[in-house]
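To keep things clear, I will list the structure first and then write my remarks on it.
Just so it is clear, the values below take in all heavy atoms, side chains as well, and ignore hydrogens, waters and symmetry mates.
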Amino acid sequence: MSHPYLLTLTRKAVVQTHKLLATLPRAVGGDLKNQLQRASASVALNLAEASGRRGQDQHRFLDYAMGSARETREGLALLAALGYLEETQVSELDRKWDRVCAVLYLMMRS
């Protein structure tokens, strides 16, 4: 699978994540909400950066993207555990992020 496919998949997950986070009242989630917005966007930005790199340099940016995707997944789970988001909302979005991680993992192994 190519970077454009993964970038499109990621972009959709980022947009959905930001839309979900925007439903939270301003005071709810605070720093965690902000961190998740930055982490999710970081996945797409690191994939874009990786697309112009080769070898170990490319792998480094793919690794950064994977770390940010995992951070996003955990942050969403924390917001659900804290009662700020509904489990069903987070579960659906987590499946999208799981797909991003799976495709990213395949790319890192190829």
Side-chain angles (χ1 to χ4, degrees):
M1 297 192 183
S2 68
H3 282 295
Y5 171 77
L6 181 56
L7 192 54
T8 299
L9 191 68
T10 301
R11 194 175 296 131
K12 289 177 181 178
V14 171
V15 168
Q16 190 171 349
T17 299
H18 281 243
K19 284 181 178 179
L20 179 60
L21 293 173
T23 67
L24 293 173
R26 183 172 220 139
V28 172
D31 290 337
L32 182 55
K33 178 180 171 180
N34 183 268
Q35 179 71 17
L36 285 177
Q37 289 169 328
R38 289 183 289 116
S40 63
S42 178
V43 179
L45 296 173
N46 277 300
L47 289 175
E49 184 77 23
S51 69
R53 308 291 177 128
R54 298 291 172 254
Q56 284 297 99
D57 201 28
Q58 181 183 57
H59 191 272
R60 180 169 45 102
F61 284 97
L62 294 175
D63 196 41
Y64 293 156
M66 180 68 86
S68 292
R70 289 177 175 154
E71 179 180 3
T72 299
R73 292 180 75 187
E74 181 57 27
L76 290 168
L78 282 171
L79 286 173
L82 291 166
Y84 297 138
L85 293 173
E86 295 293 324
E87 282 288 336
T88 54
Q89 296 171 303
V90 171
S91 178
E92 176 188 332
L93 188 50
D94 185 63
R95 282 192 296 277
K96 290 182 192 289
W97 281 110
D98 183 57
R99 180 70 179 146
V100 168
C101 288
V103 174
L104 184 52
Y105 177 81
L106 291 174
M107 287 189 72
M108 292 172 75
R109 295 290 175 214
S110 62

(Q) For Leu76 and Trp97: C-alpha separation, side-chain torsions, deciding distance, then whether side chain to side chain contact (heavy atoms under 4.5 Å, CB included) applies. (A) CA-CA 10 Å; Leu76 290 168; Trp97 281 110; 4.1 Å; yes
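- With rounding to the nearest 0.5 angstrom, the NZ atom of Lys33 is 5.0 Å from the CG atom of Leu24.
- A continuous path of ILVMFWY side-chain contacts below 4.5 Å connects Met108 to Val100, so both sit in one hydrophobic cluster.
- How far CD of Glu86 is from CD of Glu92: 13.0 Å, rounded to the nearest 0.5 Å.
- Of all heavy-atom pairs between Ala13 and Leu93, the closest is O-CD1, 4.0 Å.
- Residues Phe61 and Met107 do not share a hydrophobic cluster, defined by chaining ILVMFWY side chains whose heavy atoms lie under 4.5 Å apart.
- In this structure, Leu7 is a member of the same hydrophobic cluster as Met66, with clusters built from ILVMFWY side-chain heavy atoms closer than 4.5 Å.
- A side-chain N or O of Ser42 and one of Ser68 form a donor-acceptor pair less than 3.5 Å apart.
- Residues in residues 44-57 take part in these salt bridge (charged side-chain N to carboxylate O under 4.0 Å, His left out) pairs, two or more places apart or across chains: Glu49-Arg53, Arg53-Asp57, Asp57-Arg60.
- One distance of note links CG of Leu32 with CG of Leu78; it measures 6.0 Å at 0.5 Å rounding.
- Not a single side chain to side chain donor-acceptor pair (under 3.5 Å) links Gln37 to another residue, sequence neighbours left out.
- The shortest heavy-atom contact between Val103 and Tyr5 is CG2-CE2, 4.0 Å.
- Leu45 and Leu9 are not part of a single hydrophobic cluster, where members link through side-chain heavy atoms under 4.5 Å apart.
- In this structure, Ala80 and Val90 approach most closely via the heavy-atom pair CB-CG2, 3.8 Å.
- In plain terms, the two heavy atoms of His18 and Ser40 that are nearest each other are NE2-OG, 3.1 Å.
- Atom-to-atom distance recorded for Arg99:CZ and Leu104:CG is 11.5 Å, nearest 0.5 angstrom.
- Under the 4.5 Å side-chain criterion, counting only non-hydrogen atoms from C-beta, Leu21 is in contact with Leu79.
- Using a 4.5 Å heavy-atom threshold, the side chains of Leu47 and Leu62 count as touching.
- Within the structure, every pair that satisfies the salt bridge (charged side-chain N to carboxylate O under 4.0 Å, His left out) test and touches residues 63-78, not counting sequence neighbours, is listed here: Arg73-Asp94, Arg73-Asp98.
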Q | Worked verdict on Lys12 versus Thr8 for side chain to side chain contact (heavy atoms under 4.5 Å, CB included) | A | CA-CA 6 Å; Lys12 289 177 181 178; Thr8 299; 4.0 Å; yes
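- Without hydrogens or angle criteria, Thr10 side chain to Leu6 main chain gives a donor-acceptor distance under 3.5 Å.
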